[in-house]
Structure formats: structure tokens, C-alpha cells
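Every chain is numbered from 1, with letters handed out A, B, ... down the list of sequences. Worth knowing before you read on, the calculation uses all heavy atoms, side chains too, and leaves out hydrogens, waters and symmetry mates.
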Amino acid sequence: MSIREATVPARPEMIPQPSFVARLLNSRHFLGFVFMLPMAALLLIFLTYPLGLGVWLGLTNQTIGRAGKFIGLLNYEMLGDDSVFWLSVFNTVLYTTVASVFKFGLGLWLALILNQRVPFQAIIRAIILLPWIVPTVLSAIAFWWIYDSQFSIISWSLVKLGLIDTYIDFLGEPNLARASVIIANIWRGIPFVAISLLAGLQTISPSLYEAAVLDGASPWQQFRYVTMPQLTPIIAVVMTFSVIFTFTDFQLIYVLTRGGPLNSTHLMATLAFQRAIPGGNLGEGAAIASAMIPILAAAIMISFFGLQKRKWQSE
Amino acid sequence: MSHDFSRRDVFKIGAAGVVAGAAGGMLGAKPAAGAEMTFKPEQGAQLKVLRWTKFVDGDQLLFEANSKKFTEATGVNVTLEYQSWEDIRPKAAVAANVGSGPDIIFGWFDDAHQYPDKLLDVTDVAEALGKKYEGWAPVAQAYGTRENRWIALPFGAAGSCCVYRKSLMEQAGFTEFPKDTDGFLKLCQGLKKTGKPAGFALGHAVGDGNDWVHWLVWTFGGRMVDEKGAVVINSPETVKALEYSKELYATFIPGTLSWLDPHNNKAFLSDLISLTANGISVWVAAKKDKNPMADDIYHAPYPFGPVGRATELHLFTSGMLFKYSKFPNAAKAYMEFMLSDPQYTDWQKESLGYFTHTLNFYDKNPIWTSDPKITPYRDTVKRMQTNGHAGTLGYSSAAAMADYILLDMVAEAASGAATPKDAAAKAEKRARRYYG
């Protein structure tokens with residue numbers, strides 16, 4: 001810069017102004033932009049690119065062994081006519097809705113209990129987290145035994161107690177299989193909800209409860225008018241994550257049923273895998289996975305905006 | 001490859017090979033390892049080989065020992081990598097696609113037919129082996145060749161048979177295992193009365209489920225596609241098979257609709273069922289655990305239906321050599337070595353009958369007659385058809401099987417979730433998605 005200024009006579013209007021680069025480096029907006037670049041690059045490489053690639057693959061007829069051609073929405077048209085795909089959409093929505101509602105209800109309940117003074121608090125809280133910490137495949141294998149058509153501990157106990165005569169076909173009857181995998185998912189997901197909500201509960205100032213008690217609020221009123229509003233932002237975040245985890249569940253189904261019996265537990269994620277990897281049809285698998293995006297986005301919007309925009313929050 | 005190669009040629013070559021084979025070693029003196037190799041490995045060659053994770057200890061042990069022998073004979077270092085058998089398909093396809101990876105991959109079923117242009121022409125190896133070892137089994141040729149050239153070297157099949165308890169079969173009123181589907185149904189009905197019924201997997205069991213439902217549909221004359229690749233699954237023959245499956249299902253132990261691959265083994269060894277379709281593993285496990293049940297376990301080929309011949313399906317593996325390999329000759333030499341006697345003989349022996357050979361010479365492997373209970377597994381490759389029957393192998397046959405179309409169809413009809421006609425119509429619609 002200095003060499004250039006020395007050799008080239010500066011124009012008069014340039015003299016009082018700092019150079020372009022110097023001005024840029026002094027600009028907060030520009031610097032902010034520059035400092036965000038590395039993060040943006042990371043996001044672009046690790047989030048946007050795979051997502052974009054997935055969506056793009058869904059528009060091609062790519063198979064695993066061979067490059068594909070752009071075929072527009074043909075994959076989606078073909079899926080529209082595929083009964084197994086629609087069954088998987090139904091299963092996924094049912095699975096996510098039922099499991100999320102129960103996980104929220106039971107998780108909140110557990111959090112409220114844990115928020116009371118209980119002996120051995122730390123240990124109990126650690127134990128509560130276990131189902132969530134154990135790798136899904138392991139807990140899935142445990143459920144695989146629990147639900148086994150011949151060796152189920154539940155069936156065995158009930159038969160020994162004389163309550164039933166034949167073993168329950170947990171994973172063999174379509175609706176029962178749906179209920180069974182949902183219960184396994186709930187069991188696994190509760191700790192995450194409970195512990196996160198517990199953290200939220202502990203940030204609520206005790207003075208709010210004291211004030212409520214002084215005003216003569218009943219325990220229900222305390223919960224309804226103090227706890228819930230204070231907890232809403234946490235609930236929004238926790239349930240958003242919970243919905244995402246549930247909606248995209250794969251391992252549990254893959255270990256327990258592989259989507260059977262008669263595809264009654266096939267989720268969109270498991271079907272996408274089945275078509276893309278063992279079936280070799282990457283394009284169609286990607287299309288199924290991409291079809292999850294709008295549904296997932298809608299679910300997230302509901303839980304996020306529906307729960308987060310509260311008047312007290314914007315004050 | 002201009003060489004015109006027909007099935008008849010293989011048999012001719014095979015017949016000529018009898019002499020060579022008999023002199024080959026197993027029955028006479030064993031030749032020094034590597035002494036008769038046709039292919040000379042490149043200088044400084046190294047090989048990376050990807051294969052399935054062992055089903056049985058001896059399989060991996062001998063595979064490694066044979067590879068070591070190969071290294072000693074040729075100086076070519078061999079690195080063996082293992083993957084769960086179901087994970088090999090995507091890995092192999094990716095290797096083919098990106099043009100780098102293991103020099104040899106042992107793939108399953110129709111893998112090689114999905115990217116034949118990425119694979120080394122191994123006609124020379126296949127012909128040399130065929131000549132020496134009495135020819136290839138017809139189904140091995142179907143899996144190994146495409147447009148008159150060999151694209152893979154069929155290595156073996158993890159065959160399945162009907163596994164049954166003799167004492168219970170006798171209780172059901174049979175002195176020997178039925179050879180036709182009518183007798184088979186009666187046997188199952190009889191077994192149900194003994195309190196230890198039959199049980200065949202109808203969940204998404206990749207191996208055990210697919211094996212037996214393909215046999216069932218085929219043995220009644222049902223086919224996914226005809227020779228030209230047109231979908232013909234919705235046929236009177238299929239409906240007959242499905243009606244039969246319904247009667248058969250009524251005799252099964254409850255819960256088979258949820259069964260995956262391990263379920264029948266567990267149920268059988270826990271003395272809950274008396275008949276299932278499986279590899280030799282049930283019996284081997286019972287023997288290993290000194291379970292007295294082992295003496296009562298027998299094996300039989302699947303019975304014949306109206307088509308009157310064997311129509312079985314078994315897990316079939318082939319060695320694929322990739323064009324990207326820097327050491328094609330070493331890879332060829334390795335495959336030749338592994339498929340040659342005594343290496344293959346020893347490997348089969350230590351695999352305890354888990355793997356059936358693709359080269360006819362190994363019919364004489366003493367393992368098959370060491371115990372009459374092992375003998376039925378000797379011919380599983382001869383009794384099988386390709387999974388794409390009666391069409392060609394390739395992308396469609398692989399996708400149709402991976403989508404469990406046939407398995408779902410039988411499960412639906414058998415369990416009464418749909419009528420046989422509806423189940424067949426649904427399968428037809430699903431199959432059309434793959435067979436254009």
C-alpha cells in the first residue's frame with residue numbers, strides 16, 4: 001500500500017479518506033462477516049452440503065454402484081404410488097406423535113418428582129439417565145428379548161401368574177408391534193426429557209413460589225401459573241429435539257423388527273435405508289429421506305414457535 | 001471377450017477335468033501349495049481382501065491359514081478384512097463406484113451383476129478351475145457369468161436344509177422325511193399335535209426368511225419374472241403356493257411373523273419347535289454344547305412341489321476382482337489358490353459343512369460323508385436357483401429381494417392379513433417398480 005501511495009500521485013478527494021482496506025477493517029459489519037466465515041464454511045461443508053446432496057440425489061436415479069441422471073420428481077411420483085412408502089409415513093407420524101406425547105408427560109412428571117427433596121438425589125438422577133446413555137443397539141437387544149415371541153419375560157411372568165394362556169406375540173401382530181416399538185422408544189427417550197426439564201425447573205427462582213404461596217395459590221395453581229410459564233422455553237427446545245430424535249429413529253426398529261411384520265413398523269428412516277443401501281437404489285432412498293424434511297420442519301415449527309413466543313418472554 | 005462360452009462347454013470341460021481332479025491331491029498325495037498355479041503374481045504385489053465375518057470359527061481360521069500359505073508360496077502379502085455379511089453389499093458397491101478399495105471382495109448373490117463393467121474379466125481363472133475341478137455347478141455359472149464372460153468367481157453357499165427332530169417326526173407318523181409338499185404339510189400338521197410344531201421365519205429375516213419363501217413360491221411354479229424379465233408373480237401358481245402357505249402357517253408355532261434370522265435357532269435349541277429351515281448351525285451348536293438333542297437332529301432337502309424338482313435358494317457368495325486393482329494377476333492367483341485343493345477342502349472341512357462348494361470336484365470332500373447328517377448340505381448349490389429366477393441377475397433382482405417383496409407376500413397370505421390373490425397382486429405391483 002505504501003509503495004503505491006508513494007509512486008502514484010493520490011487524487012485530491014482520496015487524501016482525507018482512509019484506504020478501502022483500512023475502512024473495511026474498521027467496519028464492524030465487515031469484520032463480523034469475516035469472523036463468521038469459518039463457522040459458515042463448517043456449516044456449509046458439514047450441514048448444507050450433505051443435506052443438499054441428499055435432496056439432489058432424491059432427484060436422480062443414482063444407484064450405489066453407478067452415477068445417476070437427473071430425473072426430476074420421478075422418484076416422488078413413484079413413491080406416491082407405493083403402498084409401503086405411505087405405510088411408512090403413517091407409521092412414522094404415529095410413532096413420533098404417540099411417543100413424543102408420552103415422553104413429554106412422563107418426563108415432566110419424573111422431573112417434578114426429582115425436583116423435590118429426595119434422598120440420594122445425585123445417584124438417583126444418574127440412574128435415571130441410564131436408559132439414555134446406554135447405546136441404543138444394546139437397549140434394543142434387551143427389548144428384543146423382552147418382546148421375543150418364545151422367550152419374553154413378560155409373557156412368561158403372565159403365564160406363570162395364570163393371567164394368560166399363550167405367549168403374547170409382541171412383534172408379530174401389526175398393531176401390537178407398533179405399540180411395542182413405541183413403548184421401547186418412550187422408555188429410551190424419557191430420561192432426556194426428564195433431566196433437561198429438571199435443569200429448567202432448578203432455574204426457577206424459589207421466590208416466585210414463595211410469592212405464589214403468600215397469595216394463596218394451590219399446588220396446581222403454582223404449577224400452572226409459575227412452573228409452566230417459566231419452563232416453556234426449555235420445553236420448546238427439549239421437545240424439538242425429542243421430536244427430531246423420534247422422527248428419525250432407526251436403530252431400535254432395525255434391531256427389533258427390520259420394519260416387519262408386514263412392514264407395519266417400517267419408519268421412513270428404515271425404509272430409506274432399506275431401499276438405498278441393501279436395495280442399491282440411492283436415489284429413491286434419498287427421496288424418502290428428503291420427504292421427511294417438510295414433515296419434520298412442520299413439527300419443529302409447531303413446537304418451537306408454538307411454545308416459545310410468549311408475551312412475558314418478549315418483555 | 002470374444003470367447004463364446006456356453007453351459008455345455010463347462011460340462012465338457014468338467015468331464016475332462018475328472019481325471020485331472022482325481023489326480024489333483026485330495027484323494028492322492030497333496031501337492032505342495034502353490035506348485036500348480038497358473039497365474040504369476042506381479043513383483044511386489046500386495047492384496048487386500050474383504051470378506052464376511054465368520055459364521056463359524058473354523059471358516060475364518062482356515063481362510064486365514066490358506067491365505068498365509070498363499071503368502072508363503074508367492075511372497076504376496078494378503079490383508080484380510082471382515083465385515084458383517086450384510087454390510088458387504090454397500091461397501092462393495094461404493095468400492096466399484098469410486099474405483100478404489102480392496103482388490104478382492106466376497107460379495108453376495110447378484111452383487112457382481114450390478115457393476116459388471118467395474119470387474120476384472122476372470123474367464124481365464126474360471127476356465128482353469130473348471131477344467132481342473134470337474135466344472136462349475138450350473139447356478140455358480142449363472143452367478144459368475146454375464147454375456148459369456150466370467151465376472152466373478154463363485155465361492156460357495158451357506159446352504160439351508162430342513163432341520164428336524166427325528167423322534168418327533170416319528171411321533172407325527174412319518175418314518176422318513178417327506179419328499180413332496182403334500183407330505184410336508186401332513187408332517188407339519190402331525191408335528192403340531194406333538195406340542196412341538198414347525199416354525200419358519202416370516203419376519204424380515206434376510207437369510208432364513210428369504211430362503212424358504214423362495215423355495216415355496218418356486219416349487220409351486222410361481223416366479224417373480226419370466227425369462228424376458230416381465231413380472232409374472234401374480235399367477236395361478238403363486239396363488240396356489242400362497243394357499244398352501246396359509247395351511248402351513250396354521251401349523252406353525254405362534255409368533256413366526258416376527259421372526260428374524262436368529263429366532264428359529266433359539267426356538268429349536270430350546271426344544272420349542274421340531275422343524276425349521278436353517279444352515280447346519282443348529283445341529284453344530286447342539287453338538288458343541290453336548291446337548292442330547294443333537295442325536296435327534298436330522299437334515300433333509302426341501303420337499304418338491306408340483307414343479308417336481310429342487311427349487312431352493314441359499315446365501316451365495318462370489319469373489320469379485322476389481323479393475324482398479326494394481327495387482328490383477330496376484331488377485332487371480334489368490335482366487336485360484338483358495339478355490340484349489342487342498343486349501344478349499346480343508347476350509348470346507350473346518351467350516352463343518354456350513355459352506356457348499358461351487359466346483360463339482362468337492363462333492364468328494366470327505367466332510368460330506370463323515371456324518372450322514374452333513375450329506376444333505378453337500379448338494380445345496382446343485383439344488384438352488386438364482387434369486388432372480390427366471391430372469392437375469394442384476395439391479396432389479398437385487399432390489400426386489402432387498403425390499404422383501406416375496407417374503408412380505410407370503411407372510412401376508414399365510415397370516416391371513418390378505419387373501420392369496422390380493423397378496424400376489426400387491427407383490428406384482430411392488431415388483432413392477434423394479435422390473436421396468
Query raised in the report: Would the Trp85(B) and Phe106(B) ring centres measure less than 6.0 Å apart?
Result: no

**Report entry** Note, Met78(A) side chain near Arg433(B) side chain (heavy atom, < 4.5 Å)
**Finding:** yes

Query raised in the report: In terms of heavy-atom proximity below 4.5 Å to chain B, should Leu256(A) be classed as side chain, backbone, both, or neither?
Result: backbone

Query raised in the report: Are Asp271(B) and Arg165(B) ion-paired here, with the side-chain N under 4.0 Å from a carboxylate O?
Result: yes

Report task. Could you look at Leu79(A) and say if it's the side chain, the backbone, both or neither that has a heavy atom under 4.5 Å from chain B? Result -> both

Report task. Kindly determine whether His263(B) and Asp148(A) satisfy side chain to side chain contact (heavy atoms under 4.5 Å, CB included), including the steps that lead there. Result -> CA-CA 8 Å; His263(B) 280 94; Asp148(A) 193 284; 3.4 Å; yes

Requested in this report: Quick one: do Lys323(B) and Asp117(B) satisfy salt bridge (charged side-chain N to carboxylate O under 4.0 Å, His left out)? Show the steps, please.
Outcome: CA-CA 9 Å; Lys323(B) 274 186 184 161; Asp117(B) 43 329; over 6 Å; no

Report task. Measure from the ring center of Phe70(A) to the ring center of Trp56(A) and say whether it is less than 6.0 Å. Result -> yes

**Report entry** Residue from Ile153(A), Ile183(A), Asp169(A), Leu176(A) passing side-chain contact (heavy atoms from CB on, under 4.5 Å) with Tyr147(A)
**Finding:** Ile183(A)

Query raised in the report: Which region of Ser415(B), side chain (C-beta onward) or backbone (N, CA, C, O), has a non-hydrogen atom less than 4.5 Å from a non-hydrogen atom of chain A, or is it both or neither?
Result: side chain

Query raised in the report: What part of Ser83(A) gets closer than 4.5 Å to chain B, counting heavy atoms only: side chain, backbone, both or neither?
Result: side chain

Query raised in the report: What residue, out of Thr257(A), Val84(A), Asn263(A), Leu271(A), has the most heavy-atom pairs lying under 4.5 Å from chain B?
Result: Asn263(A)

Query raised in the report: Measuring heavy-atom distances to chain A, does Lys266(B) have an atom under 4.5 Å in its side chain, in its backbone, in both, or in neither?
Result: both

Query raised in the report: At a heavy-atom separation under 4.5 Å, does Val206(B) approach chain A through its side chain, its backbone, both, or neither?
Result: side chain

Query raised in the report: Checking Phe151(A) against chain B: side chain, backbone, both or neither under 4.5 Å from a heavy atom?
Result: side chain

**Report entry** When Ala417(B), Ser270(B), Ala398(B) are compared by non-hydrogen pairs under 4.5 Å with chain A, the top option
**Finding:** Ser270(B)

Requested in this report: Inspect the contact between Arg89(B) and Asp110(B) and indicate whether a charged nitrogen and a carboxylate oxygen are less than 4.0 angstrom apart.
Outcome: yes

Query - Which of Glu284(A), Glu173(A), Gln274(A) touches chain B most, by non-hydrogen pairs under 4.5 Å - result: Gln274(A)

Requested in this report: Return the option, out of Leu260(B), Asp408(B), Leu257(B), Asp403(B), with the maximum number of heavy-atom pairs under 4.5 Å with chain A.
Outcome: Asp403(B)

